[in-house]
Number of protein chains: 2
Amino acid sequence: MNYSRQREEVLEQLNVHHDHPTADVIFSELRDKDPNISLATVYRNLKVLAENGIIRKLTFVSGADHFEPNVNPHYHFICDCCGKVCDVPMQVAETLDATASSYINGTITGHDLVFYGKCDDCCNSEDSSD
Amino acid sequence: MNYSRQREEVLEQLNVHHDHPTADVIFSELRDKDPNISLATVYRNLKVLAENGIIRKLTFVSGADHFEPNVNPHYHFICDCCGKVCDVPMQVAETLDATASSYINGTITGHDLVFYGKCDDCCNSEDSSD
DNA sequence: ACAGAAATTGATAATAGTTATCAGTTTTAG
DNA sequence: CTAAAACTGATAACTATTATCAATTTCTGT
């Protein structure tokens, strides 16, 4: 993997986010800084960065894939209303893997845990003001 | 929601499966029985059946959505090698929702837990025969 | 049983998200 | 400095899914 300015930009832009942006969010943000960067380049680099374990691709959201810079195992919350994804900084329940192992044939290497519900913003705006 | 023969067929075909088929698997299987059924009809009915809580749509697999007839909360296993999805009949850890609640703003209504690893078939065929 | 409204269908166009292709450019190692 | 390898931008192609629409089917009331 050679150095490339564009890959650096993609990684930097992802690091700016605390939400979990999609490829085209990263793309349109980068376009402002670097008007020549291509959508394919953004997809390509997000893919290769994820394959090399430098970032993480989240596939559990319906529609477009999301990306995050934090590759340490952790859990997520998705708002049913607005689709927002955020981290849940609770402890990872490693015992789950062992438990699940005894219920299936094969080897378990890890798990994803995703909570669903309604985020604070959506709760507050549901039946009040605007 | 009116009755329709095609919707009945889609539901029946899904019930035949113990894996978690995608829309186009259901479609091509149904085509053998009912050569006039349309791909759009299959997508449409899987969608409306899921919206009405009769079946469940699984969005956590990369690529096409998968469907299952079992709407009771339960966990899944996905093989990293072959992509196969299967149920993990372990007990649902309801305490997780309460724990997660204290780490985020908003309300949690449930969670999805997906285990990753290598299924038995892939384990056995990895470095042996064919 | 019959008419009309509502729901559904099949065919296909359209859309969203992503990957493939390819000629030209950049990076890297010698 | 040069050649190979990696990478880029533009865009075509592809996959998964939804929208459109005229024709058909189902349902409801009489």
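Letters A, B, ... are given to chains in the order of the sequence lines, protein chains preceding strands, and every chain is numbered from 1.
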Q) Are any side-chain N or O atoms of B:D34 and backbone N or O atoms of B:N36, one a donor and one an acceptor, separated by less than 3.5 Å? A) yes
Q.
Rounded to the nearest 0.5 Å, what separates atom CD in A:Q13 from atom CG in A:L30?
A. 5.0 Å
Q. C:dT19, D:dT18, D:dC7: which one has an atom nearest the side-chain heavy atoms of A:R7?
A. D:dC7
Q | Aromatic contact, A:Y75 with A:H111 (centres under 6.0 Å) | A | yes
Q: Determine, stepwise, if the pair A:H74 / A:N72 fulfils side chain to side chain donor-acceptor pair (under 3.5 Å).
A: CA-CA 6 Å; A:H74 63 279; A:N72 291 39; over 6 Å; no
Q: Mind listing the closest non-hydrogen atom pair of A:A23 and A:V42 along with its distance?
A: O-CG1, 3.6 Å
Q | Residue pair A:Q6 / A:V10, side-chain heavy-atom distance below 4.5 Å | A | no
Q) Are any of the side-chain heavy atoms of A:I26 and A:T22 separated by less than 4.5 Å? A) no
**Q.** Those residues of residues 21-45 of chain A lying under 4.0 Å from DNA chain D by at least one heavy atom
**A.** A:R31, A:N36, A:I37, A:S38, A:A40, A:T41, A:R44, A:N45
Q.
Hydrophobic cluster membership, with links at side-chain heavy-atom distances under 4.5 Å among I/L/V/M/F/W/Y: are B:V61 and A:F67 in one?
A. no
Q. Separation of B:K47 atom NZ from C:dA7 atom P, in whole Å?
A. 16 Å
Q | Under 4.0 angstrom between B:Q6 side-chain N/O and D:dT25 OP1 or OP2 | A | no
Q) Any salt bridge between A:D112 and A:R56, counting N to O under 4.0 Å? A) yes
Every protein N/O within reach of nucleotides 23-30 of chain C N/O, cut-off under 3.5 Å:
from: C:dT28; atom 1: OP1; to: A:Y3; atom 2: N; distance (Å): 3.3

Q: Write down the distance between CG (A:D65) and P (C:dT19), rounded to a whole number of angstrom.
A: 7 Å
Q) Side chains of A:L14 and A:P21: closer than 4.5 Å at any heavy-atom pair? A) yes
Q. Between the two ends of the helix from C:dA1-D:dT30 to C:dG30-D:dC1, what is the bend in degrees, rounded to 10 degrees, where each end axis spans five pairs?
A. 40°
(Q) Would you say the rings of B:F60 and B:H76 are close, in the sense that their centroids are separated by under 6.0 Å? (A) yes
Q | Nucleotide C:dG17, atom P - distance to CG of A:L46 in whole Å | A | 14 Å
(Q) In this structure, how many angstroms lie between the C1' atom of C:dT19 and the NZ atom of A:K57, rounded? (A) 11 Å
Q.
Rounded to whole Å, how long is the line connecting atom CZ of B:F60 with atom P of D:dA16?
A. 17 Å
